[in-house]
Amino acid sequence: MSKVALITGITGQDGYYLTKLLLEKKYVVHGTVRRSSTINTQRIDPLISKYKSNENLTLHYSDLLDPSSLNQLIQKIQPDEIYNLAAQSHVAVSFKNPVFSTQTGTLGPLSILEAVKNADKDIKYYQASSSEMFGGIDSQQLNENSKFIPKSPYAASKVFAHQITTIYRESYGVFGVNGILFNHESPHRGETFVTRKITRAIGRIKFGLQSKLTLGNLDAYRDWGFAGDYVKGMWMMMNHKTPSDWVLATGESHSVREFLEIGFKEVGLNYEDYVVTSEKYFRPNEVNHLLGDPSKAKQYLGWEPETSFQELVKLMVQSDLKLAEREKTLIENNLLDPTWEYST
Ligand code: NAP
Ligand code: F7E
């Protein structure tokens with residue numbers, strides 16, 4: 001019989017890649033969607049058209065801030081695995097909307113864990129933990145035993161969710177998994193995260209739709225991998241014999257500046273001719289350096305990243321060149337208003 005998975009945050013970047021993976025593995029997938037005034041399923045629309053007619057993919061309105069809706073949903077669909085991907089996941093925004101970010105990041109996981117604890121069947125739970133929990137105070141390689149020094153409301157809420165998952169594992173025997181994922185990107189990355197902001201701008205600059213790119217700290221270092229590789233790791237953690245904490249990372253760290261250099265070079269341009277910085281994009285408390293050590297996942301899960309940093313930058317640039325070309329055609333046909341630089 002097919003396994004049943006529930007994914008919160010199915011409309012996000014990881015939601016797209018994980019849904020695709022689980023459907024390919026013949027799971028029956030249910031996902032939660034927030035009601036909004038515009039349709040917000042763009043990322044998963046291709047999967048909806050491919051799989052919805054044979055009932056392998058079902059969407060439900062829910063919000064992490066509504067525990068009773070989550071509880072009823074879990075009782076109704078009786079999933080084998082729950083992947084809690086939903087979060088207000090933008091670190092800079094979490095300083096501006098700290099209450100919403102923290103409530104979503106803490107009340108959400110706790111509500112789901114309570115429903116899992118009280119369910120009649122054994123349900124496995126995946127918590128989307130984050131390398132932001134480490135705080136990045138030096139260039140040390142970080143693993144499952146490294147200390148948490150959260151530096152934002154986002155990171156603090158992730159520490160709570162991580163620890164409450166461990167508490168439910170130890171106290172009630174819940175199969176609770178913490179995936180401590182370092183930054184992972186893709187052509188489906190939200191456009192206000194730095195990598196996608198850069199590759200969108202490169203496409204738009206190349207097609208004459210934008211003249212400059214305004215960023216914040218160019219000297220921040222991140223361990224950037226490809227989201228498609230990381231969702232495989234999530235599934236491997238959930239299908240390992242014992243629940244645990246797992247770091248997924250590439251083991252390489254690069255600066256925002258390096259990302260810019262490679263990205264602009266891919267289209268024959270020099271980033272220094274286009275990039276300016278503004279205080280607007282600096283954070284009240286910066287995570288300067290993140291570098292992960294994925295050796296536990298490699299040893300026990302057999303997980304390894306398959307996409308190099310250079311390949312990641314190139315695949316995002318190539319995808320956003322195509323998008324900018326389509327955008328240009330729409331503008332030329334008066335079907336889209338030109339915007340000369342995104343304010344994000
Ligand atoms: P994302 O693209 O920002 O997607 C977040 C998802 O959460 C979206 O579907 C969003 O819905 C949903 N959401 C936000 N607030 C919600 C609420 N109150 N109730 C229900 N749903 C809500 O994030 P991602 O990059 O896919 O990341 C997935 C998870 O991994 C997140 O928890 C993130 O914090 C964590 N994480 C990400 C990374 C990374 O590098 N990508 C690294 C470590 C951990 P809308 O589409 O309606 O906004
Ligand atoms: O910033 C710097 C910024 O917003 C990366 C989330 O998925 O990964 C992500 O969090 C770096 C920071 O990602 C701009 O200051 C410079 O040092 O792309 P980001 P993040 O904060 O690392 C972790 C693991 C998560 O868990 C989160 O959910 O880039 N930076 N200039 C900029 N960042 C942004 N967004 N915009 C700029 O203009």
Side-chain angles (χ1 to χ4, degrees), residues 7-19 31-36 38-44 61-66 69-70 83-94 97 100-101 103-105 107-109 111 126-134 136 151-152 154-155 157-158 161-162 178-186 188-198 201 213-227 230-231 234 247-249 255-257 259-260 275-278 280-290 292 342-344:
I7 303 176
T8 71
I10 196 168
T11 56
Q13 170 190 254
D14 291 3
Y16 165 77
Y17 284 103
L18 181 64
T19 303
T32 68
V33 186
R34 293 193 289 174
R35 194 271 159 184
S36 86
T38 52
I39 304 287
N40 58 356
T41 55
Q42 290 89 334
R43 285 191 182 95
I44 52 167
Y61 279 118
S62 184
D63 193 300
L64 283 196
L65 299 181
D66 188 341
S69 77
L70 290 168
Y83 294 84
N84 181 34
L85 306 185
Q88 189 303 94
S89 74
H90 200 288
V91 174
V93 172
S94 81
N97 294 183
F100 172 74
S101 302
Q103 285 176 336
T104 300
L107 183 62
S111 306
Y126 175 89
Q127 172 57 28
S129 287
S130 164
S131 53
E132 280 292 300
M133 301 187 303
F134 297 123
K151 287 189 159 188
S152 61
Y154 169 80
S157 75
K158 286 288 181 185
H162 182 95
N178 285 309
I180 309 172
L181 273 51
F182 282 64
N183 297 53
H184 44 280
E185 318 293 313
S186 73
H188 289 282
R189 184 59 143 153
E191 296 190 15
T192 61
F193 296 96
V194 76
T195 56
R196 188 79 200 291
K197 184 173 167 182
I198 293 170
L213 165 62
T214 312
L215 295 172
N217 180 13
L218 306 188
D219 297 311
Y221 279 77
R222 289 291 184 275
D223 182 329
W224 276 298
F226 171 54
Y230 286 51
V231 299
M234 292 179 189
V247 161
L248 298 187
S255 64
V256 173
R257 207 178 284 283
F259 195 104
L260 284 165
V275 174
V276 293
T277 58
S278 163
K280 184 176 168 191
Y281 297 113
F282 282 77
R283 296 175 181 180
N285 202 359
E286 175 66 296
V287 170
N288 289 311
H289 204 292
L290 286 174
Y342 279 118
S343 62
T344 53

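Only heavy atoms go into these numbers, but all of them, side chains included; no hydrogens, no water, no symmetry mates. Residue indices begin at 1 and follow the sequence shown. Just follow the structure's listing: the first ligand is 1, and inside any ligand the first atom is 1.
- Using a 4.0 Å heavy-atom cutoff, Ser131 is listed among the residues neighbouring ligand 2.
- Residue Arg283 holds the heavy atom nearest to atom 4 (O) of ligand 2 of all those in Arg283, Lys197, Met133.
- Of the heavy atoms in Arg189, only side-chain atoms (C-beta onward) come closer than 4.0 Å to ligand 2.
- Atoms of ligand 1 found under 4.0 Å from any heavy atom of Ala128, numbered from 1 in the order shown, are 29 (C), 30 (O), 32 (O), 35 (C).
- For ligand 1, the polar-atom distance check finds no N/O of Ser131 at less than 3.5 Å from any of the ligand's N/O atoms.
- In this view, Phe193 and His90 satisfy the ring-ring contact (aromatic ring centres under 6.0 Å, His included) rule, not counting sequence neighbours.
- Comparing Gly9, Ala87, Gly179 by heavy-atom distance to atom 5 (C) of ligand 1, the nearest is Ala87.
- Where the criterion is an N or O separation shorter than 3.5 Å, residue side chain and backbone included, Asn183 fails it with respect to ligand 1.
- Remark: ligand 2 and Ser130 share an N or O pair separated by less than 3.5 Å (distance only, no angle test).
- Selection from Ser89, Ser69, Ser94 by nearest heavy atom to atom 3 (O) of ligand 1 gives Ser89.
- Numbered from 1 in the order shown, with element, the atoms of ligand 2 that lie under 4.0 Å from a heavy atom of Ser89 read 6 (C), 27 (C), 28 (O).
- At a 4.0 Å heavy-atom cut-off, ligand 2 touches Val91 through the side chain alone.
- Classification of the His289-Tyr221 ring pair by plane angle, with boundaries at 30° and 60°, yields parallel.
- Proximity of Lys158 to ligand 2, defined as any heavy-atom pair under 4.0 Å, is not found for any part of the residue.
- Ring geometry, His184 versus Tyr230: the interplanar angle falls under 30°, so the pair is classed parallel (tilted spans 30 to 60°).
- Considering backbone and side-chain atoms together, Val194 places an N or O closer than 3.5 Å to an N or O of ligand 2.
- The shortest N or O to N or O distance between Asn183 and ligand 2 is below 3.5 Å.
- With ligand atoms numbered from 1 in the order given, ligand 2 contributes 29 (O) to contacts under 4.0 Å with heavy atoms of Val256.
- Of all the listed residues (Asp63, Asp14, Asn84), Asp63 holds the heavy atom that lies closest to atom 17 (C) of ligand 1.
- Residue Thr192 touches ligand 2 through its backbone alone, judged by heavy-atom distances below 4.0 Å.
- In terms of the salt bridge (Lys or Arg N to Asp or Glu O under 4.0 Å) criterion, Arg43 has no residue partners (sequence neighbours excluded).
- Among the atoms of Gly12, some N or O lies under 3.5 angstrom from an N or O of ligand 1.
- With a 4.0 Å heavy-atom cut-off, ligand 2 is reached by the side chain of Tyr154 but not by its N, CA, C or O.
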